[in-house]
Amino acid sequence: MSTQTPDTETESEAEQPSSKPHHERRLAEKRERAETKEAERAAAAQDIKGETVELKVFRFDPEIEGKEEPRFDSFTIPFEKGMTVLDALIYARDQYDSSLTFRHSCRQAVCGSDAFFINGRQQLGCQTQMADLDWPVRVEPLPHQDVVKDLVVEMDHFYDQMEAVDPFFDPDDLPEGELEEQRQSPENRENIKLSTRCIWCGACMSSCNIAAGDNKYLGPAAINKAYRFYMDEREGEQKRQERLEIIEQEHGVWRCQTQFSCTNVCPKDIPLTEHIQELKREAVKQNLKFW
Amino acid sequence: MYEHDVIVVGGGGAGLRAAIAAHEEGADAAIVTKLHPVRSHTGAAEGGINAALREGDSWQDHAYDTMKGADYLSDAPAVDTFAQTAPDEVIQLEHWGMPFSREEDGTVSQRPFGGLSFPRTTYAGAETGHHMLHTLYEQVVKRGIEVYDEWYVSQLAVTDEDDPNERDCHGVVAWDVQSGEVAGFRARDGVILATGGPGQAYDHTTNAVANTGDGVAIAYRAGVPMEDMEMVQFHPTTLPSTGVLISEGVRGEGGILYNSEGERFMFEYGYATNDGELASRDVVARAELTEVAEGRGVEDEYVYLDMRHLGEERITDRLENILHLARDFEGVDGLEEPMPVKPGQHYAMGGIEVDEHGETCIDGLYAAGECACVSLHGANRLGGNALPELIVFGARAGRHAAGADMPEPKIETGPDPDAEREDLGVPLGEPSRAEATTDGGTVEHPDSDPDAVVEAAADAERERIETLLEREDGVNHADVRADLQATMTENVNVFREEAGLKQALEDIQEARERYQDVYVADKSRTFNTDLQHTIETRNLLDVAEAIAMGALAREEFRGAHWRAEHQERKDDEYLKHTLVSWNDGDPELWYRPVLLEGDEGAYEPKERSY
Amino acid sequence: MSQSYDRGLIEDFGRWREFTAGMWAWVFHKFTGWVLIGYLFTHIAVLSTSLQGAETFNSTIQGLESLALVRLLEVGLLAVAVFHILNGIRLLFVDLGVGLESQDKSFYASLVLTGVIVVASVPTFVSGAF
Amino acid sequence: MAERYSSFRSGSTAWLLQRITAAFLVVVLAFHFFNLHFVTHAADIEFAGSQARMQNVGYFVTMVLFLVTATFHGVNGIYNALVNQGIEGNAKRAAQVVLGVAGLLLVVQGIRVAIALAGF
Ligand SMILES: Cc1cc2nc3c(=O)[nH]c(=O)nc-3n(C[C@H](O)[C@H](O)[C@H](O)COP(=O)(O)OP(=O)(O)OC[C@H]3O[C@@H](n4cnc5c(N)ncnc54)[C@H](O)[C@@H]3O)c2cc1C
Ligand code: HEM
Ligand code: SF4
Ligand code: F3S
Ligand code: FES
């Protein structure tokens with residue numbers, strides 16, 4: 001879909017005196033095709049799920065009169081097979097209200113910008129099929145985060161937490177030889193594989209009641225980031241210890257009450273709770289060693 | 001006003017690598033980006049990163065493959081530098097912790113890729129770009145490099161000497177998307193543009209919504225030529241409703257393509273009787289569109305890619321992510337049904353003209369990554385060659401901007417007064433040229449004080465935004481963009497014919513005229529994406545026009561560029577780069593010869609067959 | 001910077017309908033834990049009557065136990081304790097990294113088992129009170 | 001740059017103790033309930049019976065340990081719950097003091113009761 005809109009301005013083309021009859025013909029044919037296609041689609045849509053779907057979207061803008069108080073707006077969207085929630089939002093914005101605001105970019109679940117609260121669950125708009133949801137579909141900004149405008153939430157706190165765990169590689173020493181890589185066993189890479197998939201969407205953090213209560217809690221994504229480095233056999237010993245100290249502070253792993261909601265909502269299927277638990281045990285082990 | 005030594009615009013692979021390099025060179029570098037860095041489209045790359053790392057492989061082979069794949073439209077100094085440096089840069093990524101896929105002995109795995117004479121593609125699962133992007137961002141965090149995220153760069157602060165070769169770039173103008181604050185960013189040593197591809201010029205693309213060619217357009221309007229813009233790569237297997245890429249892996253594993261009649265057309269209609277579905281990207285893309293045009297497409301739009309016969313076990317083992325993609329983005333179960341696919345815009349080989357240090361003809365202005373054209377990919381990019389380009393040339397641009405000593409570049413840049421200008425015989429450029437310069441071009445400066453230039457540019461930008469927001473009524477940018485995308489997809493796609501290209505240029509003219517009345521319905525200063533998209537659409541118009549101009553001017557068939565009337569490569573006539581200069585709103589098209597003289601002698605153009 | 005709208009508490013418990021198994025387990029475990037520690041304080045307070053001698057102790061206990069309400073509360077206490085124990089065991093396993101994939105099932109199992117044990121114990125608990 | 005949590009205080013000890021006490025409590029609490037509701041019915045509790053049980057040193061020690069672990073477990077549990085809700089600064093200090101004192105009082109009073117019951 002991207003940002004294109006159905007062609008509404010066909011007259012202007014027809015009016016233009018064209019010196020290229022074959023082109024005229026092609027355009028006319030194309031228009032005809034498009035029309036029949038549109039009709040077929042409408043018919044098909046009717047067959048599938050009634051022809052349109054109602055989209056209820058949370059609206060808020062601190063600056064605009066009538067929007068300072070949050071409200072829900074309803075948009076009627078023609079349903080198409082394969083339509084995602086993001087497609088529906090784009091349709092609503094381009095066809096009805098260009099001030100409808102939400103983050104999005106890749107449309108393929110890799111940029112992590114469009115995590116919303118869709119029918120009561122944190123999900124990526126682009127990864128969620130309209131056909132899989134109960135209608136009408138309700139879209140809200142991520143809970144537990146300040147709302148900037150419409151579906152856009154303040155992400156800075158999430159980024160701060162991610163960066164609080166020293167999210168970078170810091171080996172003790174590197175191979176000397178020219179063009180020589182550090183060795184890593186395929187098994188070790190397999191161990192950290194899932195943890196490296198995080199796209200920083202913030203869905204997990206938003207779903208966690210503890211993160212909601214304790215603002216300093218590092219949160220599942222940041223702990224998972226720490227896990228990714230802690231478990232990497234290439235990581236330097238010193239940095240591992242430092243990182244362990246960061247995550248075993250009061251607002252680190254101990255806050256997790258194993259609610260599993262983070263694991264449930266993660267669009268990349270990262271077993272977050274499992275990683276947090278592993279680090280808790282790791283911290284206990286390390287501390288017992290010191291005794 | 002904010003001030004740094006080096007300002008990097010864009011936080012994708014190229015921008016992050018450039019910032020790290022500048023920082024390591026001792027400069028105070030900052031990244032200004034409209035998306036948070038980890039949201040950049042580099043994260044979408046799946047396949048891999050090419051580099052000659054192993055015994056039995058050599059940089060010369062990599063360079064040769066690249067040149068051949070490019071159909072000899074590349075400059076040898078760029079190709080040689082690239083192939084020589086890629087291995088170091090890939091090892092650097094590994095040292096920074098990138099989770100590459102591994103062999104049993106713990107070394108980095110490499111796999112074969114289309115057009116390569118050696119399996120030299122390093123990769124990290126099916127998410128190579130994601131891992132590369134995050135690894136680079138982690139290093140940026142480690143170094144404490146300042147990142148202004150969600151700041152939209154809309155102008156360069158460039159002086160207005162008549163000859164672009166004499167202009168200086170002193171910084172950029174950006175606004176904070178969240179608050180609407182417009183600010184100047186003064187760059188003491190250099191500005192590096194790394195804004196990625198222009199995929200949104202087409203309505204069907206594998207690119208992100210944020211890939212709007214901003215960097216290319218603002219550099220162009222500041223006087224830097226755009227190079228080889230007609231060279232656009234289309235990928236044959238993308239999902240029709242979203243443009244999400246279905247990787248070549250499916251065909252590699254034995255997936256087959258068929259049309260609405262159930263015919264395996266790659267064989268039956270003789271598009272590629274030997275290779276069938278495994279023929280090169282451009283061949284398959286053209287075959288699919290021919291099927292659709294001749295009425296054998298499904299719903300007049302796409303064809304089927306079927307992998308059901310591979311069996312559930314093999315599919316879930318090797319192609320599991322494809323099942324997810326088809327399910328999540330098209331609502332199709334790849335185990336039960338064939339997947340609909342059609343060609344989609346994928347990559348821009350052309351871009352901002354730069355030399356092998358990433359520098360443009362404007363002093364202090366650099367570009368790297370997909371937005372730049374060092375002339376590496378020529379007429380066709382090989383799979384797995386874009387990611388290494390980001391790190392090789394990103395790093396070089398960063399270092400050079402930060403003042404590192406580097407030899408005189410061999411690649412020439414900037415308008416050449418002696419080159420002949422080609423007249424395309426169609427209306428081009430700004431309908432009312434008087435206002436052209438206020439649209440992100442150069443700024444008049446009272447004196448040569450750099451701060452004043454940046455401030456003047458910021459003031460001009462504030463005015464532009466005010467004007468856009470004040471209008472109460474007019475055209476919605478989304479309509480203009482939709483028309484533009486429609487004509488590009490219709491006329492400047494995989495198939496190009498003279499009449500269609502002229503039509504496209506006329507349509508673009510018309511879109512430009514309508515854009516004069518564009519207005520922004522959202523009056524809020526807070527996170528105004530309506531305003532942002534309106535300005536992006538302006539950039540797309542310039543970029544799209546250059547693509548169509550180049551496509552019309554190049555009367556041959558080379559690499560990705562196919563012309564109905566000209567079915568062969570014409571080395572005598574067209575072994576040259578197409579350049580388009582802004583020329584104050586009256587675009588000019590001209591040429592510069594290709595440099596085939598490399599470190600190991602000259603590359604001999606040969607027939608491109610695999 | 002832009003000001004922003006905070007949606008407050010409604011997000012936590014106003015959305016209870018959308019809670020998943022793990023969240024319910026957390027809520028119940030919390031609730032039962034508080035009841036238990038509350039009971040521990042009361043319990044020691046009641047037992048403290050023993051400091052005044054055997055008669056006071058006996059009459060207090062007997063007095064309390066003859067009240068139907070106390071008997072019912074004791075059933076409640078049993079329910080609370082059994083759930084806390086069962087879910088506590090579930091949590092201990094989770095801490096050991098065992099059975100994470102079936103954490104929701106083990107929560108439902110704790111609930112059902114608690115129900116069964118409590119129902120089965122009711123006769124013993126209320127016998128003689130009514 | 002992200003803020004760093006400077007007050008280094010490892011939570012691993014408290015966390016581990018909470019689990020160890022829990023494991024211990026499973027056994028004792030089940031035993032306690034079983035003993036005083038099913039073996040001896042609650043309504044039949046008498047001073048004499050309690051005394052008889054308490055005079056067994058093993059039983060006495062178990063009950064005191066039961067008290068101490070349960071108190072720690074409960075009080076630490078509440079403290080955790082409060083931290084999870086994000087209490088900080090003075091409120092947190094106050095919670096520590098109040099819970100600590102309450103826990104201590106509970107243990108002292110409990111032991112006094114136990115001694116009285118045992119008749120030592
Ligand atoms: C689906 C897909 C798969 C691919 N697979 C491969 C592969 O396997 N191997 C390979 O080598 N290549 C691959 N490519 C190509 C390669 O990924 C891209 O060419 C490359 O990632 C581009 O990187 P970049 O840094 O130039 O731009 P991007 O990563 O797109 O980053 C652009 C940055 O610029 C910023 N920006 C843009 N405009 C502005 C503005 N106006 N103001 C401020 N900031 C701005 C954005 O915020 C962003 O941070 C693939 C491409 C796609 C689309
Ligand atoms: C009998 C076996 C018991 C087991 C297996 C058990 C287990 C647990 C566990 C594992 C926790 C920690 C939960 C977490 O941090 O995620 C916990 C919390 C708690 N427990 Fe227990 N417990 C038991 C008995 C008791 C008793 C007797 C009391 C009362 C004195 C009690 C009071 C609490 C309290 C108050 C909490 C904190 C609840 C909260 O998070 O708000 N528990 N229990
Ligand atoms: S862990 Fe999962 S849910 Fe959390 S930010 Fe990363 S991808 Fe999103
Ligand atoms: S939801 Fe929160 S409590 Fe733990 S398991 Fe996930 S971080
Ligand atoms: S748009 Fe990128 S994750 Fe959904």
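Just so we're clear, the structure is a prediction, and the values are computed from it rather than from any experiment. The sequence lines fix the lettering, A, B, ..., with proteins before strands; numbering per chain opens at 1.
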Handout entry: D:Phe34 CZ: over 12 foreign heavy atoms closer than 6.0 Å
Key = no

Problem - Partner residues of C:Lys105 under the salt bridge (charged side-chain N to carboxylate O under 4.0 Å, His left out) criterion, sequence neighbours left out - result: none

Handout entry: Side-chain heavy atoms of D:Phe33 within contact of C:Val82, under 4.5 Å
Key = no

Problem - From D:Leu106 atom CG to C:Ile37 atom CD1, the distance as rounded to the nearest 0.5 Å - result: 6.5 Å

Handout entry: Atom pair NE2 (C:His84) and CG (D:Leu29), whose distance is rounded to the nearest 0.5 Å
Key = 9.0 Å

Practice task
Check each atom of C:Phe41 against the heavy atoms of chain D and say whether the ones under 4.5 Å are side chain, backbone, both or neither.
Solution key: both

Exercise for the section: Check whether any side-chain heavy atom of C:Ile44 sits under 4.5 Å from a side-chain heavy atom of D:Leu67, and report yes or no. Expected result: yes

Handout entry: Within 6.0 Å of CZ in D:Arg112, more than 12 heavy atoms from elsewhere
Key = no

Practice task
Would you mind reporting whether C:Ile61 and D:Phe47 have side-chain heavy atoms less than 4.5 Å apart?
Solution key: no

Exercise for the section: Apply side chain to side chain contact (heavy atoms under 4.5 Å, CB included) to C:Ile85 and D:Leu25, showing your working. Expected result: CA-CA 8 Å; C:Ile85 292 180; D:Leu25 285 169; over 6 Å; no

Fill in the blank from the handout: The interface call for C:Leu78 against chain D, heavy-atom contacts under 4.5 Å, is both

Exercise for the section: Dump the intermediate steps for side chain to side chain contact (heavy atoms under 4.5 Å, CB included) on D:Gln109 and C:Leu51, then the final yes or no. Expected result: CA-CA 10 Å; D:Gln109 178 68 359; C:Leu51 295 172; 3.7 Å; yes

Handout entry: 4.5 Å side-chain heavy-atom contact, D:Gln18 and C:Leu91
Key = no

